[in-house]
Amino acid sequence: MRKKNKWMLTGVSAAMAGTVLAGCMGPSPSEQAYEALENVVSKEAPFKKEQEPLLKLEQEENKLYNEIVALGMNDFDKIKKLSAEALELVEDRKARIASEEKSIQASEEAFKDAEEALGKIEEKEAAAEGEELQKLMNDRYDAYGKLAASYKVAAALDEELYQMFQKKDLKLEDLEAHIEKINASYKEVKELNTKFNEYTDQYNKAKKEFYSAADINTGEE
């Protein structure tokens with residue numbers, strides 16, 4: 001029987017929070033951008049919070065899968081019980097992915113305020129860094145959209161797999177064909193996850209460069 005390979009939907013949040021003091025005349029466009037960018041960070045807190053629970057669910061599900069495979073359809077009642085437990089884990093994963101998506105959507109909405117403020121910056125170097133920041137973040141949001149969609153497809157295939165295990169007349173060739181689909185799906189998830197994390201790393205570096213160019217004191221060394 002083919003091995004079912006799994007890759008987690010692990011993300012990196014748009015991190016780095018600090019403090020900045022506005023001048024007596026009110027916040028400048030750069031300071032407004034800072035406040036908006038740090039609000040984006042707060043919107044992604046639920047996204048970050050889901051990472052560890054998702055990993056644990058994946059591990060638990062893989063354990064159940066391995067137990068099912070070890071039985072080799074020789075104990076159908078046990079297989080049916082284990083596959084039912086695995087289905088519950090898949091449902092939990094789907095709910096947590098939905099929570100992640102909601103967090104990223106809130107982040108994307110909050111980022112519009114940052115874009116508005118960045119567009120008001122007149123200082124040449126800071127404005128250029130701000131433009132790069134916007135491009136990277138929008139690329140990141142696009143990458144996450146593709147990643148989440150791909151992961152949901154993979155989760156749906158997992159769900160179908162455990163439903164197949166509920167059937168006593170399950171054919172080995174059908175099972176192996178379905179596992180092949182799952183492995184191909186998670187391969188895509190892994191590739192998209194890597195791309196998303198690359199954009200996130202690039203964005204976080206670009207944000208530091210923008211803060212430096214805009215002479216924003218974040219309270220960090």
Of all residues at least two apart in sequence or in a different chain, which pass the side-chain contact (heavy atoms from CB on, under 4.5 Å) check with [X]?
| X | value |
| --- | --- |
| E109 | K112 |
| K124 | none |
| K152 | I97, E101 |
| K49 | none |

Set of residues satisfying salt bridge (charged side-chain N to carboxylate O under 4.0 Å, His left out) with respect to [X], sequence neighbours excluded:
| X | result |
| --- | --- |
| K146 | D142 |
| E60 | none |
| K78 | none |
| K205 | none |

Does CD in E173 sit with more than 12 non-hydrogen atoms of other residues, nucleotides or ligands closer than 6.0 Å? yes
With heavy-atom distances below 4.5 Å as the criterion, would you say the side chains of [X] and [Y] are in contact?
| X | Y | result |
| --- | --- | --- |
| K207 | V41 | yes |
| L71 | F165 | no |
| E191 | K195 | no |
| I104 | E100 | no |
| E38 | Y34 | yes |
| Y162 | L64 | no |

Which residues pass the side chain to side chain donor-acceptor pair (under 3.5 Å) test with S212, sequence neighbours left out? none
Hits for side chain to side chain donor-acceptor pair (under 3.5 Å) against N66, two or more places apart or cross-chain, chain-then-number order -> none
Quiz: residues 81-89 side-chain donor-acceptor pairs under 3.5 angstrom, not counting sequence neighbours:
| from | atom 1 | to | atom 2 | distance (Å) |
| --- | --- | --- | --- | --- |
| K81 | NZ | E85 | OE2 | 2.7 |
| S83 | OG | I79 | O | 2.9 |
| S83 | OG | K80 | O | 3.0 |
| S83 | OG | Q166 | NE2 | 2.4 |

For Y144 and E108, does a side-chain donor sit closer than 3.5 Å to a side-chain acceptor? no
What pair of heavy atoms forms the shortest contact from [X] to [Y], and how long is it?
| X | Y | value |
| --- | --- | --- |
| K43 | P46 | O-CD, 3.4 Å |
| V90 | A155 | CG1-O, 3.6 Å |
| A36 | D113 | CB-C, 3.9 Å |
| A213 | A126 | CB-CA, 3.9 Å |

Calculate, to the nearest 0.5 Å, the distance between atoms [atom1] and [atom2] belonging to [X] and [Y] respectively.
| X | Y | atom1 | atom2 | result |
| --- | --- | --- | --- | --- |
| F196 | N193 | CZ | CG | 8.0 Å |
| L175 | I68 | CG | CD1 | 10.0 Å |
| D158 | I182 | CG | CD1 | 4.5 Å |
| N39 | E44 | CG | CD | 11.0 Å |
| E58 | Y186 | CD | OH | 5.0 Å |
| L37 | F210 | CG | CZ | 6.5 Å |

Report the C-alpha separation of Y65 and E61 in whole Å, then their side-chain angles, then the decisive distance to 0.1 Å, and conclude whether the side chain to side chain contact (heavy atoms under 4.5 Å, CB included) test is met. CA-CA 6 Å; Y65 173 78; E61 185 190 320; 5.7 Å; no
Any side-chain to backbone donor/acceptor pair from [X] onto [Y]? Under 3.5 Å, distance only.
| X | Y | result |
| --- | --- | --- |
| E35 | Q32 | no |
| S185 | K181 | no |
| S150 | L147 | no |

Assess the residue pair S107 and Y141 against the criterion (side chain to side chain donor-acceptor pair (under 3.5 Å)); give the C-alpha distance rounded to whole Å, side-chain angles, the decisive distance to 0.1 Å, and a yes or no. CA-CA 9 Å; S107 165; Y141 287 135; 2.6 Å; yes
Donor-acceptor pairs under 3.5 angstrom involving side-chain atoms of residues 129-137: please list them, not counting sequence neighbours.
| from | atom 1 | to | atom 2 | distance (Å) |
| --- | --- | --- | --- | --- |
| Q134 | NE2 | G130 | O | 3.4 |
| K135 | NZ | D139 | OD2 | 2.9 |

